[in-house]
Amino acid sequence: VHDTLEAGAYTNYPAIVTHFISQAALAIKTLEEWSISFDKNIKGVYNLALEGGHSFARILHQKDSTGKHIMERLFSQIKNFPNIQIIENLEVFKLLKPNNGSIMGALAWCSENQRTIAIKTKRVVLCTGGLGSLFHYSTNPASAKGQGIALAQSIGANCESLQNIQFHPTALWSTQNKRLKLISEALRGAGAFLRNEAGERFMSGVHPLKDLAPRDVVSRAIIQELKLQANLYVYLDATSINSEDWYNHFPGILNNCLEEGINPAKDWIPVVPAAHYSCGGIKTDVNGFTNISGLFILGETASTGLHGANRLASNSLLEAVLMAKGLSQKLSLISKHINKAPELMLYKFFSDQESIKKSELYNQKIRDVLQENCHIIKTIRGLNIALKSLLEIKGKVELEFHAQNIEGIRLKLFMNVALMLVESSLEIKENKGVFYNEDFTKVLQ
């Protein structure tokens with residue numbers, strides 16, 4: 001609890017923090033019941049890792065691919081339930097809700113046959129991840145553009161703390177792919193440390209925890225080093241880690257480095273901060289309930305108050321598991337009889353190659369604006385430039401895309417999240433956690 005509150009700059013909700021942390025054992029037990037396994041030593045005791053902001057080693061893991069392991073195990077089992085229908089390649093682009101009413105359903109675009117599908121339902125659960133793809137460099141999948149946040153906000157859901165975006169300090173630098181591979185901080189917990197292009201360790205005088213300082217501290221320190229050097233990256237020196245640990249504990253990182261022509265046992269790893277996790281989102285309670293009847297939000301798309309101004313490493317998995325468990329139990333208690341939703345009048349939506357190319361250009365412009373003016377270190381002037389630029393782009397998009405053009409609709413969702421991010425950043429008047437405005441520091445000095 002202490003580490004979570006300290007990482008979150010004490011802007012977390014203490015009761016919410018206690019709720020989630022006190023149920024960590026329940027979350028672990030639940031996952032293990034679903035055949036998820038965590039690494040143990042030869043004595044059968046959990047092999048715990050140390051991550052940034054933690055007082056001691058307490059992180060359960062499955063080598064260096066814990067999230068992937070959980071996803072694959074759960075997805076393989078969900079197919080066995082006859083009451084669950086999985087529909088892939090279907091993208092929700094509009095939630096249906098009358099004024100002052102409850103959720104009626106959603107409209108979704110099927111990319112395979114280029115048609116719109118109406119989903120009639122009185123309950124919608126959004127777990128669409130974060131908004132890392134608003135920036136050039138992100139550890140998130142390319143699809144993480146904050147769609148869930150934009151969809152929920154468009155029907156009146158309350159949003160909070162969007163300005164609190166956590167940048168992971170050590171993503172593997174690559175000139176080939178802007179979706180960067182994560183170099184887990186567990187590697188730093190195992191003895192790796194950062195160097196600048198001159199080979200100097202620069203975290204020693206920055207924070208008492210040095211290279212294992214909270215992620216916002218490490219990310220800002222790297223940005224300051226980048227300003228002073230020619231390289232677009234700094235280095236992570238993991239050469240002290242023995243070959244047994246590479247193969248047993250960090251095989252994913254090892255393979256990712258080798259694919260880039262880097263042998264991390266001998267070579268320093270080029271790393272750069274990348275957008276990683278949205279600490280804010282749509283405001284919910286601990287079970288994902290929002291202010292909109294029938295709308296529920298889980299995981300990174302939600303803002304429960306657990307993370308505050310900065311997420312403590314690995315708390316996101318804990319939150320996701322407990323929110324999903326809590327919501328499933330709550331919904332199972334609600335009457336299973338759902339009134340049939342009214343018939344929906346559908347417009348014909350469409351997509352075409354010209355609009356796809358045009359939207360890609362606008363997406364790039366939006367990323368350029370945010371990368372330049374709303375990144376790790378901000379200024380008031382930069383944020384105002386971003387707001388003005390985004391409003392100009394929004395005006396052009398409104399004129400150039402037909403109202404039923406799917407690419408234009410996607411673009412507007414992306415645009416709206418970008419505007420929400422900048423507007424929330426302009427409302428903040430002090431630096432806390434991951435939010436850092438250089439002008440506030442100058443005033444204090």
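The figures that follow rest on heavy atoms only: side chains count, while hydrogens, waters and symmetry mates do not. We're numbering straight along the sequence, starting at 1. All of these numbers come straight from a predicted model, not from anything done at the bench.
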Lys412 side chain near Val397 side chain, heavy-atom distance below 4.5 Å
yes
Glu407 and Lys358 ion-paired at < 4.0 Å
no
Note, Ile78 side chain near Leu74 side chain (heavy atom, < 4.5 Å)
no
For Val422 and Ala386 the tightest heavy-atom approach is CG2-CB, 4.0 Å
Shortest non-hydrogen contact from Thr128 toward Thr301
N-OG1, 3.1 Å
Measuring from Ser111:OG to Asn89:CG, what's the distance to the nearest 0.5 Å?
4.5 Å
When Val369, Leu370, Asn363 are each screened for side chain to side chain contact (heavy atoms under 4.5 Å, CB included) with Leu134, the one that passes is Leu370
Aromatic ring pairing Tyr233/Trp173, orientation class (parallel under 30°, perpendicular over 60°, tilted between)
tilted
Charged N to carboxylate O under 4.0 angstrom, Lys357 versus Glu360?
no
Is there a side-chain contact between Met203 and Val218 (heavy atoms, below 4.5 Å)?
yes
Does Ile28 reach the side chain of Tyr46, with side-chain heavy atoms less than 4.5 Å apart?
yes
Any chance you could lay out the side chain to side chain contact (heavy atoms under 4.5 Å, CB included) test for Ile409 and Lys94, step after step, and finish with the verdict?
CA-CA 9 Å; Ile409 293 170; Lys94 184 177 179 62; over 6 Å; no
Separation of Ile282 CD1 from Ser303 OG (nearest 0.5 Å):
9.0 Å
pair Phe20-Asn315: side-chain heavy atoms closer than 4.5 Å:
no
If only side-chain N and O atoms count, and only distance matters, is there a donor-acceptor pair under 3.5 Å linking Thr304 with Asp285?
no
Distance-only side-chain donor-acceptor flag, Tyr362 / Glu400, under 3.5 Å
yes
Pair His375 + Phe167: ring centers closer than 6.0 Å:
yes
Quick one, Glu438 and Ile380 - any side-chain contact, counting heavy atoms below 4.5 Å?
no
May I ask you to say whether Glu32 pairs ionically with Lys29, meaning some side-chain N is under 4.0 Å from a carboxylate O?
no
So, Asn47 side chain and Leu60 main chain: donor-acceptor pair closer than 3.5 Å or not?
no
Side-chain H-bond candidate by donor/acceptor type, Arg179 with Thr139, under 3.5 Å
no
Worked verdict on Leu131 versus Leu162 for side chain to side chain contact (heavy atoms under 4.5 Å, CB included):
CA-CA 10 Å; Leu131 41 75; Leu162 264 199; 3.9 Å; yes
One thing to verify: whether Lys68 and Glu72 come together as a salt bridge, which I'm taking to mean a side-chain N less than 4.0 angstrom from a carboxylate O.
yes
Out of curiosity, Gln77 CD to Phe75 CZ, how far, rounded to the nearest 0.5 Å?
12.0 Å
Under 30°, 30 to 60°, or over 60°: which ring-plane class applies to Phe435 and Phe440, parallel, tilted or perpendicular?
tilted
Going by atom types alone, do His61 and Asp39 pair a side-chain donor with an acceptor below 3.5 Å?
yes
Steps toward side chain to side chain donor-acceptor pair (under 3.5 Å) verdict (Thr4, Asn12):
CA-CA 8 Å; Thr4 298; Asn12 334 52; over 6 Å; no
Hey, what do you get for SG (Cys279) to CD (Gln163), rounding to the nearest 0.5 Å?
9.5 Å
Donor-acceptor side-chain pairing of Ser316 and Glu300 below 3.5 angstrom:
no
Check Lys378 with Asp439, please: is the shortest side-chain N to carboxylate O separation under 4.0 Å?
no
Are any of the side-chain heavy atoms of Val217 and Leu209 separated by less than 4.5 Å?
no
Determine, for Arg410 against Glu91, whether the closest basic-nitrogen to carboxylate-oxygen distance falls under 4.0 angstrom.
yes
With no hydrogens and no angle check, just 3.5 Å: does a side-chain donor-acceptor pair link Gln166 and Asn310?
yes
Is it the case that more than 12 heavy atoms not belonging to Asn100 sit under 6.0 Å from its CG atom?
no
Are Phe349 and Phe93 an aromatic pair by the rule of ring centers under 6.0 Å?
yes
Any idea which heavy atoms bring Val92 and Leu151 closest together, and the distance?
O-CD1, 3.8 Å
Could you check whether Ser37 and Gln62, counting side-chain N and O atoms only, form a donor-acceptor pair closer than 3.5 Å?
yes
Set out, in order, the CA-CA distance, both residues' side-chain angles and the distance that settles side chain to side chain contact (heavy atoms under 4.5 Å, CB included) for Arg58 and Glu51, then state yes or no.
CA-CA 8 Å; Arg58 59 158 72 98; Glu51 293 188 351; over 6 Å; no
Is it true that a side-chain atom of Gln147 and a backbone atom of Lys145 form a donor plus acceptor pair closer than 3.5 Å?
yes
Looking only at side-chain N and O atoms, does Ser355 offer a donor or acceptor that is under 3.5 Å from a partner on Asp352?
yes
Taking CD in Glu33 as the centre, count heavy atoms belonging to other residues, nucleotides or ligands within less than 6.0 Å. Is the count above 12?
yes
How far apart are the closest heavy atoms of Ser351 and Gln114, and which atoms are they?
CB-OE1, 3.8 Å
So, Ser133 side chain and Pro141 main chain: donor-acceptor pair closer than 3.5 Å or not?
yes
Could you grab the distance from atom CG of Leu90 to atom CD1 of Ile117, nearest 0.5 Å is fine?
4.5 Å
Within a radius of less than 6.0 Å around CG of Asn99, do more than 12 heavy atoms belonging to other residues, nucleotides or ligands occur?
no
Where Ile376 and Ser219 come nearest, the two heavy atoms and their spacing:
CD1-CB, 4.0 Å
Centroid separation under 6.0 Å, is that true for the rings of His307 and Tyr277?
yes
Side-chain donor/acceptor of Arg73 to backbone N/O of Ser35, under 3.5 Å:
yes
Thr170 side chain vs Ile183 backbone, donor-acceptor pair below 3.5 Å:
yes
Please check: side-chain N/O of Ser138 versus main-chain N/O of Phe135, any donor-acceptor pairing under 3.5 Å?
no
Just how far is it from atom OG of Ser161 to atom CD of Glu427, taken to the nearest 0.5 Å?
10.5 Å
Are Phe401 and Leu411 side-chain neighbours, meaning at least one heavy-atom pair lies under 4.5 Å?
yes
Do the side chain of Arg188 and the main chain of Asp211 share a donor and acceptor less than 3.5 angstrom apart?
yes
Going through the checks in order, is the side chain to side chain contact (heavy atoms under 4.5 Å, CB included) test met by Thr290 and Phe296?
CA-CA 6 Å; Thr290 71; Phe296 310 93; 5.6 Å; no
Derivation of the salt bridge (charged side-chain N to carboxylate O under 4.0 Å, His left out) call for Glu259 and Lys181:
CA-CA 11 Å; Glu259 285 175 4; Lys181 302 288 181 63; 3.8 Å; yes
In terms of heavy-atom contacts, Ala108 and Ile119 come closest through CB-CD1, 4.2 Å
